[in-house]
Asks: 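Please read through the structure below; I'll follow up with questions.
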Amino acid sequence: QVQLVESGGGLVQPGGSLRLSCAASGFTFSNYLIKWYRQAPGKERELVAEFTRAGSSTNYADSVKGRFTISRDNSKNTVDLQMNSLKPEDTAVYYCNLKVPMYWPQKGVNEYWGQGTQVTVSS
């Protein structure tokens, strides 16, 4: 039912920009719960950008601060990641993530991931 679909990845030269989009469907929770992660080959998946304080603030990995911006479009139900001044070390598969608190039939948390979109920064 819950579905996350990333788009916007591709090949870009160092210093270039890309805008990723995470299209969410199948849930009724506020989309500020959606976060962006990335994973490079041989490395663990890392948090890149997220909303905090119920969407009133943002948090970024130190490596992307000042270059990446996470935003929401409630009308489209998407969460976007604007990536500027891209560096080769930004090369990774980028994923959006959603954790949904569940209360019925039992209490817990369901976690969802999109399939990812490849970002390659190379000259």
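We're numbering straight along the sequence, starting at 1.
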Asks: Taking atom CD as the centre, does E44 end up with more than 12 heavy-atom neighbours from other residues, nucleotides or ligands that are less than 6.0 angstrom away?
Replies: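 No.
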Asks: Are L47 and V64 connected, step by step, through hydrophobic side chains (Ile, Leu, Val, Met, Phe, Trp, Tyr) whose heavy atoms are closer than 4.5 Å?
Replies: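 They do not share one cluster, since no chain of ILVMFWY contacts under 4.5 Å joins L47 to V64.
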Asks: Apply side-chain contact (heavy atoms from CB on, under 4.5 Å) to residues N97 and Y112 and explain how you reach the verdict.
Replies: CA-CA 6 Å; N97 164 272; Y112 304 91; over 6 Å; no
Asks: Is any side-chain heavy atom of L4 closer than 4.5 Å to one of L98?
Replies: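 In short, these two side chains touch, coming nearer than 4.5 Å.
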Asks: So I34 and F51, do their side chains get closer than 4.5 Å, heavy atoms only?
Replies: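 They are not in side-chain contact.
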Asks: Dump the intermediate steps for side-chain hydrogen bond (donor to acceptor under 3.5 Å, both in side chains) on T52 and N59, then the final yes or no.
Replies: CA-CA 7 Å; T52 61; N59 179 58; over 6 Å; no
Asks: Rounded to the nearest 0.5 Å, how far apart are CH2 of W36 and CE of M83?
Replies: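 Nearest 0.5 Å value for the CH2-CE distance: 8.0 Å.
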Asks: Show the numbers, then the answer: is there a side-chain contact (heavy atoms from CB on, under 4.5 Å) between Y32 and R72?
Replies: CA-CA 7 Å; Y32 69 79; R72 298 179 294 155; 3.9 Å; yes
Asks: Group every Ile, Leu, Val, Met, Phe, Trp and Tyr by side-chain heavy-atom contacts under 4.5 Å, then state whether L18 and V5 land in the same group.
Replies: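 No; tracing contacts between hydrophobic side chains, which count when under 4.5 Å, never links both residues.
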Asks: Are P88 and P14 side-chain neighbours, meaning at least one heavy-atom pair lies under 4.5 Å?
Replies: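 Yes, close enough: below the 4.5 Å cut-off.
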Asks: When clusters are formed by joining ILVMFWY residues with side-chain heavy atoms under 4.5 Å apart, either directly or through shared neighbours, do V119 and Y37 land in the same one?
Replies: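 Different hydrophobic clusters.
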Asks: Is there a path from W113 to M102 through hydrophobic residues (I, L, V, M, F, W, Y) whose side chains come within less than 4.5 Å of each other?
Replies: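 Different hydrophobic clusters.
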Asks: As an exercise, state the distance from CZ of R45 to OH of Y95, rounded to the nearest 0.5 Å.
Replies: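 If we round to the nearest 0.5 Å, R45:CZ and Y95:OH are 4.5 Å apart.
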Asks: Please check if V48 and V93 belong to a single hydrophobic cluster, counting links between Ile, Leu, Val, Met, Phe, Trp and Tyr side chain heavy atoms closer than 4.5 Å.
Replies: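 No, V48 does not connect to V93 through the hydrophobic network.
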Asks: Salt bridge between D90 and R67, side-chain N to carboxylate O under 4.0 Å?
Replies: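 The answer is yes: the pair qualifies as a salt bridge.
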Asks: Determine, step by step, whether T58 and R53 satisfy the side-chain hydrogen bond (donor to acceptor under 3.5 Å, both in side chains) criterion, reporting the C-alpha distance in whole Å, the side-chain angles of both residues, the deciding distance to 0.1 Å, and the verdict.
Replies: CA-CA 8 Å; T58 55; R53 297 188 176 276; over 6 Å; no
Asks: Go through Q82 and N84 one step at a time and tell me if the side-chain hydrogen bond (donor to acceptor under 3.5 Å, both in side chains) criterion holds.
Replies: CA-CA 7 Å; Q82 178 66 45; N84 298 326; 2.9 Å; yes
Asks: For the CD atom on E89, are there more than 12 heavy atoms of other groups (residues, nucleotides or ligands in this structure) within a distance under 6.0 Å?
Replies: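 Check passes, neighbour count above 12.
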Asks: Report the residues that fulfil side-chain hydrogen bond (donor to acceptor under 3.5 Å, both in side chains) with T117, sequence neighbours left out, ordered by chain and then residue number.
Replies: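 Per chain and number, T117 pairs via side-chain hydrogen bond (donor to acceptor under 3.5 Å, both in side chains) with no residue.
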Asks: Would you please say whether a donor-acceptor pair under 3.5 Å links the side chains of T78 and D73?
Replies: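 On atom types as modelled, these side chains do not qualify, holding no pair under 3.5 Å.
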Asks: Could you name each residue pair satisfying disulfide (SG to SG under 2.5 Å) that touches residues 46-123, not counting sequence neighbours?
Replies: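 Output for this query lists C22-C96.
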